[in-house]
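Okay, so here's the structure we're looking at.
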Protein chains: 2
Amino acid sequence: MSDHRLDAPIVICSNRGPVSYHSVDGELEGVRGAGGLISGLLPLMESGRARWIAAALSEEDRVAAALGLPERFGPLHLLDINTEDLDLYYNVVSNEVLWFLHHGLLDSTYTPDYTDEWRTAWQAYRRVNTAFAEAVCNHGPHGATVLVQDYHLSLLAPLVAAERPDLRLVHFHHTPFAGPGEVRLLEPTARREILTSLAAHHACGFHIGRWETNFRRCIEDMHLPSTSTFTSTLSSDLGAIREVAASPACDAALAKLTERVGDRFVIGRVDRMELSKNIVRGFAAYERLLGLRPELVGRVVFVAQCYPSRVNVPAYRRYRDLVVDTVERINGRWGSAEWTPIELADVDDFPASVATYRRYDALLVNPVRDGLNLVAKEGPAVNERHGQVVLSSEAGASVELAGAADEVHPFDVVATSEALSAIIDRSPSERRARSEQLRRDIESRTPQDWLADQLHAAE
Amino acid sequence: MSDHRLDAPIVICSNRGPVSYHSVDGELEGVRGAGGLISGLLPLMESGRARWIAAALSEEDRVAAALGLPERFGPLHLLDINTEDLDLYYNVVSNEVLWFLHHGLLDSTYTPDYTDEWRTAWQAYRRVNTAFAEAVCNHGPHGATVLVQDYHLSLLAPLVAAERPDLRLVHFHHTPFAGPGEVRLLEPTARREILTSLAAHHACGFHIGRWETNFRRCIEDMHLPSTSTFTSTLSSDLGAIREVAASPACDAALAKLTERVGDRFVIGRVDRMELSKNIVRGFAAYERLLGLRPELVGRVVFVAQCYPSRVNVPAYRRYRDLVVDTVERINGRWGSAEWTPIELADVDDFPASVATYRRYDALLVNPVRDGLNLVAKEGPAVNERHGQVVLSSEAGASVELAGAADEVHPFDVVATSEALSAIIDRSPSERRARSEQLRRDIESRTPQDWLADQLHAAE
């Protein structure tokens with residue numbers, strides 16, 4: 001097999017691009033996003049080998065695209081998609097249905113309903129995918145490898161393949177992939193179209209074998225021709241996290257945190273305020289611990305950085321309300337003038353989140369289901385206390401971190417509580433050994449490794 | 001292979017027995033239950049070949065068992081299990097968790113929590129299963145085939161096999177079986193114990209291939225030794241339904257129904273008030289039809305017999321409230337002094353349910369997920385109008401009735417609405433042909449066929 005494709009030009013397609021535009025004093029300013037995907041690709045864009053196709057997500061993005069500003073940044077195309085289509089494709093099909101589906105979060109007694117509005121949304125999803133496909137056909141260099149990112153862009157492959165057989169198409173799911181029984185919750189036309197289109201890639205990638213197996217079984221159950229699949233974990237941009245950890249803003253946040261928590265044992269969590277993150281069951285495990293070990297009252301504190309997410313979606317507001325009510329109830333029951341058992345910060349404050357990473361003694365990462373989970377990798381990268389990680393068996397990261405993290409089932413409040421209790425009792429030497437193992441596991445992969453896996457899969 | 005086991009003695013184990021006891025004028029009276037299992041087994045009990053082991057489910061059952069009354073009925077053992085264990089085994093483990101799990105109804109953001117109370121309930125589930133296993137060991141004739149029924153009794157097989165290697169054990173799931181991703185929602189100890197114990201049967205049976213495949217994949221993913229599996233659909237006792245249909249009570253109910261609905265087109269449904277039955281989306285499909293076809297206003301009526309179920313469970317009360325609110329809203333919006341668009345009867349009135357079977361023009365059977373669904377088989381058996389059946393693709397019965405029913409995805413309100421609309425427009429000759437095909441499909445299986453499949457599987 002020839003490996004010339006490892007040097008082929010690259011086209012990346014994703015809903016969100018590496019740069020977004022904001023109006024600052026009447027000027028449009030491009031701000032670079034964070035994450036492994038961007039840090040892995042950026043050098044290749046700067047060298048001209050890679051180009052990126054994404055949606056213009058705001059009015060500022062649209063104006064910037066019309067003025068040709070993204071091209072200054074590198075070979076970047078921000079597609080001007082009408083706002084109604086963008087809303088339906090993103091908020092209804094991608095977020096309300098596909099996100100919930102792949103995370104096993106649909107409460108199927110009540111949602112979804114495939115109404116006439118759904119059909120309108122599905123047509124919009126198709127149109128947006130078609131716009132991406134056209135952009136790939138128009139801008140893709142001959143023989144390029146096209147890296148299509150995530151569940152927003154399921155339908156490109158057959159459209160591109162028909163017009164540009166010279167391109168190699170690789171799809172990567174950053175979320176979990178639902179199993180065949182769950183995928184049957186999708187409206188049958190959409191289900192068939194999504195699976196058929198995914199199977200039309202030269203390869204489909206997933207973080208771990210469980211998501212890959214789910215996909216393969218879906219393909220098998222629909223009697224579709226099988227496609228090549230692979231697994232590859234995407235790492236955080238540890239350099240960027242460490243840069244933030246070393247910043248004066250983070251030092252200041254840590255100083256404030258230390259002033260409040262003193263030398264108490266700190267249980268930390270850093271998450272979007274998101275249903276899949278399982279925040280409430282984490283507090284229930286903590287409350288059980290306080291009940292069973294009264295000597296911990298006043299000696300431990302739960303620092304929860306839960307930054308806002310999808311605040312306009314009723315399911316998210318309902319969940320946020322439950323999180324806040326739970327914190328108030330636990331603090332009311334167990335707290336005192338000198339001691340707040342749970343410090344909940346439901347604001348977006350990245351330096352404070354990284355300060356929590358630096359300070360925790362135990363990091364609780366207990367999602368209901370997660371494609372990978374980057375918090376479990378970012379925390380140990382900058383933690384300064386030989387902190388331990390309690391990790392959900394349903395997070396993809398549990399495969400890589402199995403040896404050094406404390407694995408728990410996310411619904412198992414008892415086991416979660418006992419894992420925290422065991423960490424409190426763990427000797428300093430074992431804490432050190434485990435935290436060093438965590439760091440080695442995390443540093444063993446780079447975003448460049450992930451990129452290399454994609455290009456290999458395209459061969 | 002020898003087939004001597006086809007003549008072997010039979011032991012049936014199920015949570016609910018074929019007879020329950022009630023106090024009538026101070027005397028305990030045994031009342032025979034309904035259903036294909038009972039009608040298939042009863043002749044064999046009367047001849048002494050089969051015996052039945054079940055739980056005493058009420059105080060009257062317990063007193064009757066202590067007095068030896070069940071034995072008068074045939075070789076029937078009603079196990080006296082303490083009420084607290086019975087409550088935890090049945091209401092918590094079986095109904096709150098396993099029923100929801102296998103039907104895909106867990107709203108995993110919020111439920112379940114595996115707390116200390118869960119662990120107590122799981123121990124009770126184990127004890128009840130152990131009590132059944134001991135009864136099988138004590139009462140099972142040498143070389144008997146033991147037919148273990150449903151998800152309540154998952155754990156018997158290893159206990160029985162250790163003590164009575166002469167017995168052949170067959171398990172049958174009357175519900176769907178959840179796929180591997182959904183089964184991961186179970187607490188890991190319980191998950192492993194249930195799957196290991198099921199795999200310890202000589203064979204495990206399911207209504208359709210999809211549930212069988214799910215089970216096989218669960219076994220595969222846990223690296224358990226595989227066991228023999230088979231599919232076999234259990235039929236209703238059509239004779240018993242036809243007896244009710246021919247009764248004066250049913251005639252009277254039909255006369256009252258006819259008085260109200262006249263010659264209108266009747267959409268019928270008969271269900272427990274149960275989350276999996278998808279009652280609300282059925283009404284939404286009906287309302288869409290009224291909106292799109294104004295000529296139907298006043299000319300069609302939806303007769304919904306939804307008898308109460310698990311009324312003490314909050315999730316069921318919440319669902320019932322939504323059903324009632326939806327009916328009131330639709331009747332308020334579309335109804336008039338002369339016409340009630342939806343007639344909801346949320347009472348247990350079997351003659352009235354069978355009268356609805358006799359009278360419907362279209363029967364709506366749209367469960368979110370269902371092991372088989374007997375309504376789809378009972379309705380056509382006694383319908384007198386060449387009525388049609390709109391059937392969920394997620395009901396096991398859709399495999400047998402695919403040719404003659406109108407299949408819809410249960411969440412697809414548009415498709416459900418369009419299926420009803422198409423039936424209204426369908427010619428009398430096509431309605432007759434389909435209804436006759438439905439009846440042939442239904443009559444092609446008897447409860448005795450199901451029983452024969454179990455005994456073959458034991459070989």
Side-chain angles (χ1 to χ4, degrees), chain A residues 100 103-119 176-189 191 210-211 213-214 217 220-221 274-278 280-281 284-285 288 292 315 318-319 322 368-369 393-394 407-417, chain B residues 100 103-119 176-189 191 210-211 213-214 217 220-221 274-278 280-281 284-285 288 292 315 318-319 322 368-369 393-394 407-417:
Chain A
F100 274 69
H103 287 84
L105 295 172
L106 288 173
D107 180 11
S108 62
T109 309
Y110 299 100
T111 58
D113 285 346
Y114 298 121
T115 58
D116 293 287
E117 290 71 29
W118 160 263
R119 278 164 167 69
F177 201 89
E182 293 170 312
V183 162
R184 286 186 72 95
L185 303 180
L186 264 178
E187 189 278 312
T189 311
R191 177 170 76 215
R210 205 152 73 233
W211 318 143
T213 300
N214 281 347
R217 286 170 171 169
E220 184 188 325
D221 286 2
E274 153 68 47
L275 286 67
S276 66
K277 298 301 181 186
N278 205 25
V280 175
R281 289 191 185 92
R288 180 177 181 277
L292 289 179
R318 179 183 164 211
Y319 191 66
L322 180 62
V368 168
R369 193 187 289 172
S393 58
E394 308 310 299
E407 188 176 298
V408 295
H409 189 278
F411 298 171
D412 197 338
V413 170
V414 173
T416 306
S417 176
Chain B
F100 275 68
H103 287 85
L105 295 172
L106 289 173
D107 181 12
S108 63
T109 308
Y110 299 99
T111 57
D113 285 346
Y114 299 121
T115 57
D116 294 286
E117 289 71 30
W118 159 263
R119 279 163 168 70
F177 200 88
E182 292 170 311
V183 163
R184 286 185 72 94
L185 304 179
L186 264 177
E187 188 278 313
T189 311
R191 178 170 76 216
R210 204 151 75 234
W211 316 144
T213 300
N214 281 347
R217 286 170 171 169
E220 184 187 325
D221 287 2
E274 152 69 46
L275 286 67
S276 67
K277 298 301 181 185
N278 205 26
V280 175
R281 289 190 184 93
R288 180 178 182 277
L292 289 179
R318 180 183 164 210
Y319 191 67
L322 181 63
V368 167
R369 192 186 288 173
S393 58
E394 308 310 299
E407 188 176 298
V408 295
H409 190 278
F411 299 171
D412 196 339
V413 171
V414 173
T416 306
S417 176

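Chain letters run A, B, ... following the sequence lines, proteins first and then strands; every chain starts at 1.
Only the side chain of A:Arg191 comes within less than 4.5 Å of a heavy atom of chain B; its backbone N, CA, C and O stay farther away. If you measure heavy-atom distances from B:Pro180 to chain A, the contacts under 4.5 Å come from the side chain alone. Looking at A:Leu322, the atoms closer than 4.5 Å to chain B (heavy atoms on both sides) all sit in the side chain, from C-beta outward. Proximity to chain B (any heavy atom under 4.5 Å) is shown, for A:Pro176, by neither the backbone nor the side chain. With a 4.5 angstrom heavy-atom cutoff, A:Val368 touches chain B only via side-chain atoms. The parts of B:Asp116 that come within reach of chain A are both its backbone and its side chain, each placing non-hydrogen atoms under 4.5 angstrom from that chain. Looking at A:Arg281, only its side chain comes within 4.5 Å of chain B, counting heavy atoms on both sides. For A:Arg217, the parts sitting under 4.5 Å from any heavy atom of chain B are the backbone and the side chain alike. Neither the backbone nor the side chain of A:Glu274 comes within contact range of chain B; no heavy atoms are under 4.5 Å apart.
Counting heavy-atom pairs closer than 4.5 Å to chain A, the top residue among B:Asn278, B:Asn214, B:Val413, B:Val280 is B:Val413. In terms of non-hydrogen atom pairs under 4.5 Å with chain B, the most contact-rich of A:Gly181, A:Gly179, A:Pro188 is A:Pro188.
Put simply, the side chain of A:Glu187 does not reach to within 4.5 Å of the side chain of B:His409, judged on heavy atoms. Inter-residue side-chain proximity for A:Arg210 and B:Arg184 is flagged as met; some heavy-atom pair is nearer than 4.5 Å.
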Report, one line per pair, each donor and acceptor closer than 3.5 Å where one atom sits in a side chain of residues 104-111 of chain B; sequence neighbours left out.
{"residue": "B:Ser108", "atom": "OG", "partner": "A:Gly104", "partner atom": "O", "Å": "2.8"}

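Scored by the salt bridge (Lys or Arg N to Asp or Glu O under 4.0 Å) test, B:Arg119 finds A:Asp412 as partners (sequence neighbours excluded).
For the pair A:Arg288 and B:Asp113, the salt-bridge criterion is not met [side-chain N within less than 4.0 Å of a carboxylate O].
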